[in-house]
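Worksheet for the structure shown next.
Keep in mind it's a predicted model, so treat the numbers as computed, not measured. Nothing fancy with the numbering, it's 1 onward along the sequence.
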Amino acid sequence: LFRLALRSTSLRLYPNYANVDWSGNAGYDENDPKTYFSTMGCRTANGMDINGFGQLKDGRGNICPVTIIMPTLAMECKESCERLFYPDGYSEKILIDAFMQRLDKKIHEAKDMLIERFNYICSQSQESAKFMYENGTMEGYDGKDISSALKHGTLALGQIGLAETLQILIGCDHTTEKGMELAKRIETLFRDRCAEFKQEYKLNLGVYYTPAENLCFTAMKKFQEKYGIIPNVSDRKFFTNSIHVPVWIDINPMEKIDIESQLTGFSSAGCITYVELPSTAKNNIDALETIVNYAMDKDIVTRSMISVRFAEEQTFSGYVE
């Protein structure tokens with residue numbers, strides 16, 4: 001079955017590959033497929049349910065997401081340092097600390113937005129989506145209040161533009177040792193805050209490495225209108241999605257997996273990783289198997305999938321997501 005899946009992958013985007021044995025999925029029952037690691041869409045995942053369902057994956061889903069556009073926050077901090085607080089110059093540490101404080105504030109604001117949206121959704125009548133509760137699409141409905149089912153889903157706190165944010169703050173991205181050190185500090189803040197919120201509000205708030213394909217373009221356009229073209233930051237048509245290595249960096253599949261595998265574990269609401277290939281692999285299924293297994297061995301598929309997409313034209317590289 002795995003080889004057939006790889007054959008399909010060599011020709012089309014699907015299937016996706018989810019790592020059931022990912023370290024963050026400990027506790028699933030091998031005898032109960034409902035607890036296996038699965039996704040909603042391309043990357044959204046439901047981790048351990050704080051409201052009693054444990055590792056159950058079926059009958060749960062992403063209730064609402066909010067995404068933080070990190071490069072904009074970084075530029076706001078840089079402008080504040082330059083124009084308001086330190087016109088005669090400031091250290092890199094001052095800028096980083098200012099960004100971390102502002103990011104922490106935005107994470108709390110995003111949490112408030114998620115809870116407000118969750119409560120609004122839960123104010124609906126069961127009749128507004130009756131089928132969801134009658135056929136178990138959303139498990140746990142008590143027959144009275146739809147929050148009894150929706151509380152088992154995920155409230156996802158997303159992000160875009162880690163690479164560009166690092167360029168603004170320290171002049172390099174997370175393909176460097178210095179950049180990776182700061183990247184881990186940023187992602188630790190996301191992870192720790194969501195873990196705190198989960199306990200405080202008894203809702204499954206989690207870190208989301210975000211399906212922001214449209215937002216990456218929209219956010220960049222607005223950023224360029226305000227700040228102009230900045231090398232390695234806004235000289236493209238889109239921001240890099242979440243913690244990905246920028247697509248324009250020349251890097252081989254294993255190197256990209258090695259870098260991103262250091263960060264995907266901070267996600268608790270879903271993520272996806274991909275690697276670019278220079279040409280089709282439809283006649284080299286063994287190569288695809290090597291890539292997928294390497295990612296699994298690296299524990300990279302943390303609520304994420306690996307899938308391979310190829311373009312027919314040689315002028316465009318396909319990629320593994």
Side-chain angles (χ1 to χ4, degrees), residues 18-68 107-159 187-211 264-271 302-304:
N19 189 355
V20 178
D21 292 319
W22 170 64
S23 58
N25 198 40
Y28 77 91
D29 184 354
E30 291 186 3
N31 298 313
D32 183 3
K34 289 187 175 183
T35 68
Y36 291 178
F37 184 82
S38 60
T39 60
M40 172 187 169
C42 64
R43 80 199 74 190
T44 305
N46 296 293
M48 178 66 73
D49 177 30
I50 196 170
N51 289 310
F53 279 175
Q55 287 286 16
L56 179 72
K57 300 299 188 294
D58 287 2
R60 301 171 60 203
N62 183 13
I63 307 304
C64 50
V66 169
T67 294
I68 294 176
I107 288 174
H108 279 80
E109 290 177 1
K111 173 264 296 179
D112 292 339
M113 294 170 67
L114 285 169
I115 292 176
E116 180 180 5
R117 291 176 66 185
F118 175 79
N119 289 333
Y120 181 79
I121 292 169
C122 290
S123 69
Q124 298 177 86
S125 166
Q126 178 260 0
E127 296 294 328
S128 65
K130 193 175 182 180
F131 71 95
M132 292 175 58
Y133 311 106
E134 289 183 340
N135 65 9
T137 299
M138 298 299 292
E139 293 282 0
Y141 179 54
D142 63 4
K144 301 176 182 178
D145 186 345
I146 64 172
S147 66
S148 59
L150 299 183
K151 69 180 181 181
H152 302 290
T154 301
L155 279 65
L157 203 159
Q159 59 178 268
E187 299 312 322
T188 296
L189 179 62
F190 273 96
R191 180 194 64 191
D192 291 351
R193 285 291 181 260
C194 282
E196 293 168 8
F197 298 154
K198 185 173 182 177
Q199 293 298 323
E200 180 179 355
Y201 295 93
K202 295 299 183 276
L203 292 170
N204 297 306
L205 286 104
V207 184
Y208 200 19
Y209 292 156
T210 316
T264 54
F266 290 96
S267 170
S268 52
C271 64
T302 60
R303 305 163 176 84
S304 63

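- Other residues, nucleotides and ligands contribute only 12 or fewer heavy atoms inside 6.0 Å of the CD atom of Glu30.
- Across every non-hydrogen atom of Ser147 and Cys122, the tightest pair is CB-SG, 3.6 Å.
- A donor-acceptor distance shorter than 3.5 angstrom exists from the side chain of Ser148 to the backbone of Asp142, with no hydrogens or angles considered.
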| message | Show, in sequence, the C-alpha distance, side-chain angles and deciding distance for Arg60 and Asn204, and conclude whether the side-chain contact (heavy atoms from CB on, under 4.5 Å) test is met. | response | CA-CA 11 Å; Arg60 301 171 60 203; Asn204 297 306; 3.8 Å; yes
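- Atom CZ of Phe131 sits about 6.0 Å away from atom OG1 of Thr137, to the nearest 0.5 Å.
- Proximity of a side-chain donor or acceptor of Arg117 to a complementary backbone N or O of Pro65 within less than 3.5 Å is detected.
- Other residues, nucleotides and ligands contribute only 12 or fewer heavy atoms inside 6.0 Å of the CE atom of Met113.
- The side-chain heavy atoms of Tyr28 and Asp21, taken from C-beta on, include a pair separated by under 4.5 Å.
- The side chain to side chain contact (heavy atoms under 4.5 Å, CB included) test with Ile63 singles out one residue from Ile121, Leu114, Thr154, Leu203, and that residue is Ile121.
- Residues Leu205 and Glu196 fail the side-chain proximity criterion, which asks for heavy atoms closer than 4.5 Å.
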- Could you please spell out the steps behind the side-chain contact (heavy atoms from CB on, under 4.5 Å) verdict for Leu150 and Tyr133? CA-CA 10 Å; Leu150 299 183; Tyr133 311 106; 4.0 Å; yes
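- Between the OH atom in Tyr208 and the CG atom in Leu155 there is a gap of 12.0 Å [rounded to 0.5 Å].
- Considering only heavy atoms from C-beta on, Leu157 comes within 4.5 Å of Ile107 through its side chain.
- Remark: side-chain polar atoms of Ser267 are paired, donor with acceptor, to backbone N or O of Gly270 under 3.5 angstrom.
- A donor-acceptor pair under 3.5 Å links the side-chain atoms of Thr35 to the main chain of Asp29, judged by distance alone.
- Counting non-hydrogen atoms of neighbouring residues, nucleotides and ligands closer than 6.0 angstrom, the CD atom of Glu116 reaches no more than 12 such neighbours.
- Atom CD of Glu200 and atom CD1 of Ile115 lie 7.5 Å apart (nearest 0.5 Å).
- Taking CG of Leu56 as the start and NZ of Lys34 as the end, the distance is 7.0 Å to the nearest 0.5 Å.
- Taking every heavy atom of both residues into account, Gly61 and Met138 meet most closely at N-CE, 4.2 Å.
- Remark: Lys151 NZ to Lys202 NZ distance equals 12.0 Å, nearest 0.5 Å.
- Between Phe53 atom CZ and Asp58 atom CG the span is 11.0 Å, to the nearest 0.5 Å.
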